[in-house]
Amino acid sequence: MSPIPLNDLKRHNAPLATALKQASERVIDSGWYILGGEVTAFERDFAAYCGTASCIGVGNGTDALELALRALGIGPGDRVATVANAGMYASSAICAVGARPVFVDIDPLRLTIDPASLAAKITGRVKAVIVTHLYGRLADLAGVRAVCGDLPIIEDCAQAHGAERDGVRAGAFGALGCFSFFPTKNLGALGDGGAVVTSDPALAEALVSLRQYGWATKYQASRPGGRNSRLDEMQAAILRVKLPLLDGWNARRRAICARYRDALPDGAMPETGMDDVAHLAVARMKDRDAVQARLAGAGIQTAIHYPIADYDQPALRHLGLLQSLPETARALAEIVTLPCFPELTDAEVERVVEALA
Ligand SMILES: Cc1ncc(COP(=O)(O)O)c(C=O)c1O
């Protein structure tokens, strides 16, 4: 029986080959490769899609987080609250600006930030909260807002393009929303890419400057902390082909997750409503290792997102952040990621369900 992969980008992109080649040719023929018409058009369309006033294309999702922190003026001596189960991306960005992460525990069902734990961690030194919509599931933003008052919220939407609640899409809840267009993402480029969305004109202006050496105008660097981090014309052109297809892909991902959820015991996965774009089909299982072995035996690929809590990462040990977050630790031992991508067939989904039974 043929193997079932976790994801298959060849199957994802093959039906778009003609349109993608035309878009690439358009860029090649234009003679303009950095910050041109393709990026401007994509920024306009993606801001409209997210429901924000602005979108600023940047080099990747980690840069998006770092530049968002810089735009808020966060730096050495500051603390930023975030979760420890989201793959180190937010923590890397926090450390890159010279601040320190303060880790917050998670909700045991959705595996996103727990507002009650956040309330216990906020001190005067905490200057922002990064809320990761992990696996495509919108976090409890109302709960976070209620406990953090005026503290700015940065949404990490790298896994949540298009997730929406009460008519508001991921990225439009907080001061800033950060996206990755890494090829496996729900909206993925054919290389690295990222964006920050915001409806705050001052933050938008800061980001436009920070992504390009801190320039106010060409060669005049007036803003400290500038970087070179730009979405390029080629990736923007690719993303323009794909954006109109995103909602359809998200719907298919949701249907796959809903089928897994039906087949699993209660509490293994949350419901997949519109506030979940099912980037990763992550379930909790007490016998996780045995399930992974059984699925591997049936030719079904699984993974763990993510196997190491940020506070336990060797790169952060020197900061002495090791701590007890009971729900985070419990989830780490139980999570398993099942195959989920829009082109997965019904027959393949049923094979996964059978192997899970
Ligand atoms: C939740 C989350 N945040 C941030 C990132 C960073 O994005 P990038 O790989 O584009 O830097 C990723 C993806 O890799 C991610 O999954």
Side-chain angles (χ1 to χ4, degrees), residues 1-24 42 45-46 49 61 133-137 157-164 170 179-193 234-264 269-283 291-292 295-305 335-357:
M1 222 181 278
S2 55
I4 301 180
L6 208 56
N7 198 351
D8 188 339
L9 291 179
K10 245 184 165 168
R11 273 160 75 177
H12 186 56
N13 289 317
L16 306 175
T18 304
L20 295 174
K21 284 173 189 164
Q22 281 168 353
S24 312
F42 174 72
D45 294 350
F46 196 61
Y49 179 84
H133 302 309
L134 196 64
Y135 313 140
R137 304 167 186 171
C157 311
Q159 303 187 356
H161 316 67
E164 66 176 84
F179 290 85
S180 165
F181 304 120
F182 185 78
T184 57
K185 302 303 188 205
N186 290 31
L187 179 63
L190 300 183
D192 275 315
M234 193 65 93
Q235 299 310 330
I238 299 295
L239 291 167
R240 289 180 70 197
V241 173
K242 292 185 165 193
L243 181 57
L245 303 167
L246 175 60
D247 288 344
W249 288 331
N250 284 347
R252 174 64 186 154
R253 287 174 177 275
R254 249 184 232 114
I256 293 166
C257 267
R259 179 70 188 102
Y260 291 155
R261 183 176 178 274
D262 283 349
L264 288 166
M269 285 176 102
E271 271 185 58
T272 35
M274 292 301 283
D275 62 356
D276 183 352
V277 290
H279 172 61
L280 294 170
V282 174
V291 171
Q292 277 199 291
L295 267 63
I300 298 164
Q301 192 183 16
T302 61
I304 297 173
H305 294 92
I335 48 174
V336 58
T337 309
L338 304 171
C340 183
F341 54 97
E343 298 70 30
L344 200 64
T345 65
D346 287 345
E348 287 173 316
V349 173
E350 290 314 311
R351 262 182 65 199
V352 177
V353 167
E354 276 164 33
L356 285 171

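Numbers for residues simply follow the sequence, beginning at 1. Just the heavy atoms: all of them, side chains too, but no hydrogens, waters or symmetry mates, feed the values below.
For the residue pair Asn250 and Gly162, the shortest heavy atom distance occurs at ND2-CA, 4.1 Å. Between Val352 and Ile300, the shortest heavy-atom distance links the atoms CA-CD1, 3.8 Å. Of all non-hydrogen atoms in Arg137 and Val282, the two that sit nearest each other are NH2-O, 2.8 Å. Scanning all heavy atoms of the two residues, the minimum distance from Ala355 to Ala298 falls at CB-CB, 4.3 Å. The two residues Pro183 and Leu9 have their closest heavy-atom pair at O-CD2, 3.3 Å. Closest approach of Ile256 to Pro339, counting heavy atoms only: CG2-O, 4.1 Å.
Here CG of Leu190 is found 4.5 Å from CD1 of Ile238. Values are rounded to the nearest 0.5 Å. Atom OG1 of Thr184 sits about 8.5 Å away from atom CD of Gln159, to the nearest 0.5 Å. Rounding to the nearest 0.5 Å gives a distance of 10.0 Å between SG of Cys257 and CG of Leu264.
Tyr135 places a side-chain heavy atom less than 4.5 Å from the side chain of Ile335. Side-chain contact between Arg240 and Phe46 is absent, with no heavy-atom pair separated by less than 4.5 Å. With contacts defined as side-chain heavy-atom distances shorter than 4.5 Å, the pair Leu187/Tyr49 does not qualify. At a threshold of 4.5 Å between non-hydrogen side-chain atoms, the residues Arg254 and Cys340 do not count as touching. Proximity of Val277 to His161: side-chain heavy atoms (C-beta onward) are nowhere separated by under 4.5 Å. The side-chain heavy atoms of Gln235 and Asp192, taken from C-beta on, include no pair separated by under 4.5 Å. Inter-residue side-chain proximity for Pro3 and Gln301 is flagged as unmet; no heavy-atom pair is nearer than 4.5 Å. Put simply, the side chain of Ser24 reaches to within 4.5 Å of the side chain of Met234, judged on heavy atoms.
A salt bridge does not link Glu343 to Arg252: none of the charged side-chain nitrogens sits closer than 4.0 Å to a carboxylate oxygen. Look at Glu348 and Arg11 and you find a salt bridge, because one of the NZ, NE, NH1 or NH2 atoms lies within 4.0 Å of a carboxylate O, short of that distance.
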Full working for side-chain contact (heavy atoms from CB on, under 4.5 Å) between Phe181 and Lys242: CA-CA 11 Å; Phe181 304 120; Lys242 292 185 165 193; over 6 Å; no

Thr18 vs Gln22, side-chain contact (heavy atoms from CB on, under 4.5 Å): CA-CA, chis, key distance, verdict: CA-CA 6 Å; Thr18 304; Gln22 281 168 353; 3.9 Å; yes

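Panel note: side chain Arg261, backbone Met269; a donor-acceptor pair is recorded below 3.5 Å.
A side-chain N or O of Asn186 and one of His279 form a donor-acceptor pair less than 3.5 Å apart.
Screening Val291, Ile4, Leu295, Leu344 against Leu338 for a side-chain contact (heavy atoms from CB on, under 4.5 Å) leaves a single residue, Leu295. Considering Ile304, Thr302, Leu6 as possible partners of Thr337, the one that fulfils the side-chain contact (heavy atoms from CB on, under 4.5 Å) test is Leu6.
Applying the 6.0 Å contact sphere to CD of Glu350 captures more than 12 heavy atoms from other residues, nucleotides or ligands.
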